[in-house]
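One structure below.
Heads up: numbering here begins at 1 and tracks the sequence. All values reported here derive from a predicted model rather than from experimental measurement. Atom set for the values below is all heavy atoms of this structure, side chains included, hydrogens, waters and symmetry mates excluded. Numbering of ligands and ligand atoms starts at 1, following listing order.
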Amino acid sequence: MFIAANWKMNLDKKSIQSFVEYLQSYKFSKNVQLCIFPPTIYIDFLSNLIRNIPISIGGQNCHHQSFGAFTGEVSAISLKEFGCDYVILGHSERRIYNKETNESIKKSAQFAIEYNLSPIICVGENLEQRENGKAIDFIEKQITNCIPDEFKEIIIAYEPIWSIGTGKIPHQDEIREMHKYIKEIILLKSKKKVKVLYGGSVNEQNIQEILSVNNVDGVLVGGASLKIKDLLAIYGSAVKHLEKNLIFKD
Ligand code: PEP
């Protein structure tokens, strides 16, 4: 189970420090991996603070070239050098505000893999596409054009744009259908099994409902990851959910 905490362009040194103080004494489960994605400028700072805590760190983006005249960008090499193991790619905010395309996301994913970062590739339809019954076709196109030709491990985050930061989440059947479909397309095209995270307005109230959907392998959390108590409540629910299921299977 994977929990990605995307801080976006939020928090500062002081708040990161007090965030980490709570994490010091927390008992993490080896079955639920927490990864924090801080603003790029704080990666080194956070990475030093969490040295003895069993959580990971990742970048919110990486460029599709390894070096060069790309003002303001960050490369996969730099992320790796500063302790990242993961990188979020193709977040809808970057697709919209930074005009990222499926093709550039695919190139970034290839660079990420080359430098031993696991890409978390985001896909998701807008409200109009959902209401017009075009969501499945749209996601299939995103997946086909974004995923690298060769990879050992990638993670997909299904994040309906209309659900991000709105408090609205899809019906359980809609999440189930989309996650199953994403796994099937990738298995067909790449012969690989992938983890699929759900992202969009996840909080401590809805986490159990979301995790109970088949084929949900974790969550990508934005707003609710900014407060340590909310994030740990989500994490704790994920641990409980797994324990309940293991007991049930036994
Ligand atoms: C996101 O930005 O990827 C996200 C899921 O945000 P939120 O949890 O705030 O909807």
**Q.** Test: K13 cationic atom under 6.0 Å from F45 six-membered ring centre, within 45° of axis
**A.** yes
Is there any protein N/O under 3.5 Å from an N/O of ligand 1, and what does the full list of such pairs look like?
| unit_1 | atom_1 | unit_2 | atom_2 | d |
| --- | --- | --- | --- | --- |
| ligand 1 | 2 (O) | K8 | NZ | 2.4 |
| ligand 1 | 2 (O) | H91 | NE2 | 2.9 |
| ligand 1 | 3 (O) | H91 | NE2 | 2.8 |
| ligand 1 | 3 (O) | E159 | OE1 | 3.0 |
| ligand 1 | 3 (O) | E159 | OE2 | 2.7 |
| ligand 1 | 8 (O) | G222 | N | 2.8 |
| ligand 1 | 9 (O) | G223 | N | 2.8 |
| ligand 1 | 10 (O) | G165 | N | 2.6 |
| ligand 1 | 10 (O) | S201 | N | 2.7 |

Q. Can you list the other members of the hydrophobic cluster that holds Y115, where links are side-chain heavy atoms under 4.5 angstrom apart?
A. F67, I77, F111
Q: Measure up the Y86 and F37 rings against each other and bin them: parallel (under 30°), tilted (30 to 60°), perpendicular (over 60°).
A: perpendicular
Q.
I'd like to know if K8 and E93 make a salt bridge, using a cut-off of under 4.0 Å between side-chain N and carboxylate O.
A. yes
Q | Salt bridge present between E100 and R95 (N-O < 4.0 angstrom) | A | no
Q.
If the threshold is 4.0 Å, N to carboxylate O, is there a salt bridge linking K229 and E204?
A. no
